[in-house]
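Naming: A, B, ... by sequence-line order, numbering from 1 per chain.
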2 protein chains.
Amino acid sequence: MSAGALPGFRDFYPEQFAERAWLFEVWRRVARRFGFVEYDGPPLESLELYTKKSGDEIVGQLYNFKDKGDRDVALRPEMTPTVARMVAAKANALRKPVKWFSIPQLFRYERQQKGRLREHFQLNVDIFGEADVSADAELLAVACEIMRECGLGPDDVRARVSDRRLLTALLRALEIPASSDAAVFAAIDKIERIPRGHPLWESAWTGIPATTVDRLLGLVESSDLDAMAREFAHVPDVAGVVDRMLRYRSLVEAHGVGEYLKLDLKIVRGLAYYTGIVFELFDAKGQMRAICGGGRYDNLLEALGGVDMPALGFGMGDVVLSDLLRERGKAPATPARLACWVAPKDDRAYVRAVNVAAELRRRGLATDYPLRTQSLSKQVKVAADAGAGRVVFVGDIGDVEVKTLADGSQTTMSLERLYDSLENDGNSDSTGATDHP
Amino acid sequence: MSAGALPGFRDFYPEQFAERAWLFEVWRRVARRFGFVEYDGPPLESLELYTKKSGDEIVGQLYNFKDKGDRDVALRPEMTPTVARMVAAKANALRKPVKWFSIPQLFRYERQQKGRLREHFQLNVDIFGEADVSADAELLAVACEIMRECGLGPDDVRARVSDRRLLTALLRALEIPASSDAAVFAAIDKIERIPRGHPLWESAWTGIPATTVDRLLGLVESSDLDAMAREFAHVPDVAGVVDRMLRYRSLVEAHGVGEYLKLDLKIVRGLAYYTGIVFELFDAKGQMRAICGGGRYDNLLEALGGVDMPALGFGMGDVVLSDLLRERGKAPATPARLACWVAPKDDRAYVRAVNVAAELRRRGLATDYPLRTQSLSKQVKVAADAGAGRVVFVGDIGDVEVKTLADGSQTTMSLERLYDSLENDGNSDSTGATDHP
């Protein structure tokens, strides 16, 4: 037997699991505060669901195979096709806006590289059925509030926001022909990785006057919304989208996350997919891959499910975010496993100690006891290592002694008083020390 | 695009997801009270991990394929090989007893039958490193406490417990040769499905005197531990295992779950796998498949991972248990989505209303507001449908009106008072009505 998981797959030992559970709990807590409800779909879907959205070239990156019923199937590489299928199937019955989230595990057969996994978990947050920019602001707000809930402020993380329609309107206003759009978008997408003098870069601008290129790049580099509002006040097509972005900005500020926001027209995401405002969250130092990416994809449900419904959403993976939290010292401490330890004083007390442990557990306290005879000093050590706040020493009859490990104090009391005191101290379903995520 | 999931796979729309989340939360809550910690492994593993445990015949039931690196891989059909692999890899570093649980999704390519799924979720609870019967009692106790936490008492569910070693000792005491063991175990396993006169049944007993068969079946049918203790007091091999079962019973009673327990030697589980006490939980009417099954498998880690470590555990699937809960009217109500609704009185109040919603969310309250203009009466209806306890009416300046939907009462207050009152009422991170699972 191979001792390890497949390459690119993770084992979550309790310590790693606790970190993952903490992050999932942050995701769920914030999404629920925003009124999103959780759903899930199958990790295995028909291959067609993915090729229909992304073309046949996606197959090279999939865990796909023929099942025993001769169906072409694939492990899900992303959640959007599943949620689009699910929403489309109940489009009429669902009250709009549909605000859903999910935390699927996703799979891609990527070439092995250091730190490159073949599975990851991804928070997916989507809104269906609302075309107004209010939904775009709501979506960015939930992503930024997750950052805040993780302890990451605007100094740690920035939301870089662009608008496909604004960029297109600027190209038209500058009289760059629509036939150049794809090449120009691709060039802007690479603006930070490919220097301006590079041949690949220059080829995008064939036939466009140098002064126009300079002006466009100036607008893109500065991404100054107020300056654009002034400069293009007389161009209705630009002024309209600038107005919408101004409203977006005021709503994002009303959400209390304006400090995270940075308009940045250099952000270009999947051309065939996104139709409006798009965004990515990055660590403020710009050293890591994107933490989160998303935007408006109003045409996808029509293409995938035959239902005309505006849609927008984002995906936030667990890997980059966890790396950032670890780097910033914001990763959670491993939670305490126990609140109480019940120590039988000798073998005659064993069955009674089991019964005391059972009563404490039934009162919601994480409690353990030795499965085999152990010295009392060994038991206190095991209890302390598991984070237990209290050790209850139990004899075969009579009162028990309760030791508080934090200060070493010890009190003798009846079992009834023990149960009463624990029921009243609000420790139910906690370990007493740190809440288990 | 196919509108549905693959055959045998489930879509979890929010309503179904909430039911699943409720069950997972019960599982986690009880397992943690018992001091178990959660882990997870990959849903895709090397095929060899499963054939090594179960032989090549398992492949017919697997979702197996060759990945793009030419590895033979399979979606996990069970969790035990994964956890055995993980524990074996760190056997020396882990403090014993290792008490772990997990809630994996498992996959089997089963022939399509009504109600027969190809995926399900299964709680796996295991203890490694403890040979004493105290661990067997602890394991049964956590399973029974889960039943109790679900609202299922001993009238709803019974734990049928057997002991491979007790049955073997009885066979020897009755002078049935060891060469008959496999056939006799198989016959006992079918005792409730195949009538005694049936040819298949009789063939197991070739060469065994009819009086011996009658005596054995009498012992198996009555499964009376106290009677066995008296009858075999003079046979040390039987008396020893009976003594151990008596101690097991007293520990199970100390755990407070004695009422669920029913010794039943008719319970025979995987022969090649289990080595000691085995158990299954059934609905008391005996109408459904087992809710849970498990036992001691002391030889598996040696066989799979080359590490000699006693082990025991159980699996409890989500499907049968959820069916039973629904049938008994114990399924949870769909939780309220919202605690608060913020209603802008008109368009001028919109941005301020978004800001109020953001403040309430930051205080931990699940809060929503309209993404587009809606009449106030429509908003109150939407809020009520989402389970919100309160609607906050917001104008563009000044105080707000807070309507309590339960009694229709309405109070005017400043925003500061609103925030203070909500922060103090203990509603944080809840919907105010029902806790979201």
By a 4.5 Å heavy-atom criterion (distance strictly below it), what part of [X] contacts chain B: side chain, backbone, both, or neither?
X	result
A/Pro14	both
A/Glu119	neither
A/Leu360	neither
A/Gln105	side chain
A/Val382	both

Identify the heavy atoms of [X] and [Y] that sit nearest to each other, and give their distance.
X	Y	value
A/Ala254	B/Val354	CB-CG1, 3.9 Å
A/Leu371	B/Ser134	O-OG, 2.5 Å
A/Ala366	B/Arg32	CB-O, 3.3 Å
A/Gly35	B/Leu338	CA-CD2, 3.7 Å

Among the listed options [options], the residue most often paired with chain A at heavy-atom distances under 4.5 Å:
options	answer
B/Gly256, B/Ala358, B/Pro42	B/Pro42
B/Arg20, B/Glu253, B/Glu15	B/Arg20
B/Arg352, B/Lys66, B/Met86, B/Glu45	B/Met86

### Task
Measure distances from B/Ile127 to the heavy atoms of chain A and classify the residue's part below 4.5 Å as side chain, backbone, both or neither.
side chain

### Query
Side chain, backbone, both or neither: which part of B/Asp132 has an atom under 4.5 Å from a heavy atom of chain A?
side chain

### Message
Could you walk me through whether A/Asp11 and B/Arg85 satisfy the side chain to side chain contact (heavy atoms under 4.5 Å, CB included) test, starting with their C-alpha distance in whole Å, then the side-chain angles of each, then the deciding distance to 0.1 Å, before giving a yes or no?
### Response
CA-CA 10 Å; A/Asp11 286 334; B/Arg85 168 177 76 63; 2.8 Å; yes

### Task
Before giving the answer on side chain to side chain contact (heavy atoms under 4.5 Å, CB included), spell out for B/Asp385 and A/Arg95 the whole-Å C-alpha distance, their side-chain angles and the decisive distance to 0.1 Å.
CA-CA 10 Å; B/Asp385 289 350; A/Arg95 167 168 286 179; 3.0 Å; yes

### Query
Do B/Phe107 and A/Pro43 touch side chain to side chain, with heavy atoms closer than 4.5 Å?
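Yes - at least one pair of side-chain heavy atoms lies under 4.5 Å apart.
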
Does a side-chain N-to-carboxylate-O contact under 4.0 Å join [X] and [Y]?
X	Y	answer
B/Asp368	A/Lys99	yes
B/Arg361	A/Glu145	no
B/Arg10	A/Asp40	no
B/Arg372	A/Glu138	no

### Message
I'd like to know whether the aromatic ring centres of A/Tyr13 and B/Trp100 sit less than 6.0 Å apart in this structure.
### Response
yes

Do the side chain of [X] and the main chain of [Y] share a donor and acceptor less than 3.5 angstrom apart?
X	Y	value
A/Lys68	B/Glu110	no
B/Tyr109	A/Gly69	yes
B/Arg33	A/Leu365	no

### Query
Do you know which of A/Ser250, A/Ala353, A/Gly60 has the most heavy-atom pairs under 4.5 Å to chain B?
A/Gly60

### Query
Under the side chain to side chain contact (heavy atoms under 4.5 Å, CB included) criterion, do A/Asn355 and B/His255 qualify, and how do the steps go?
CA-CA 5 Å; A/Asn355 187 242; B/His255 276 289; over 6 Å; no

#### Entry: Set of residues satisfying salt bridge (Lys or Arg N to Asp or Glu O under 4.0 Å) with respect to A/Arg247, sequence neighbours excluded
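Checked A/Arg247 against salt bridge (Lys or Arg N to Asp or Glu O under 4.0 Å); zero matches.
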
### Task
Output all residues satisfying salt bridge (Lys or Arg N to Asp or Glu O under 4.0 Å) with B/Lys90, sequence neighbours left out; order by chain, then residue number.
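Expected list: none.
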
### Query
Got a sec: does the NZ of A/Lys96 have more than 12 other heavy atoms crowding it under 6.0 Å?
yes

### Query
Crowded around B/Lys381 NZ? As in, over 12 foreign heavy atoms under 6.0 Å?
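Check fails, neighbour count at 12 or below.
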
If I take atom [atom1] from residue [X] and atom [atom2] from residue [Y], how far apart are they, to the nearest 0.5 angstrom?
X	Y	atom1	atom2	answer
B/Leu49	A/Leu6	CG	CG	9.0 Å
A/Gln16	B/Tyr39	CD	OH	14.0 Å
A/Phe65	B/Asn64	CZ	CG	8.0 Å
A/Phe9	B/Leu44	CZ	CG	4.5 Å

### Message
Determine whether A/Leu251 and B/Tyr350 satisfy the following criterion, side chain to side chain contact (heavy atoms under 4.5 Å, CB included), listing intermediate values before the conclusion.
### Response
CA-CA 9 Å; A/Leu251 287 169; B/Tyr350 190 79; 3.7 Å; yes

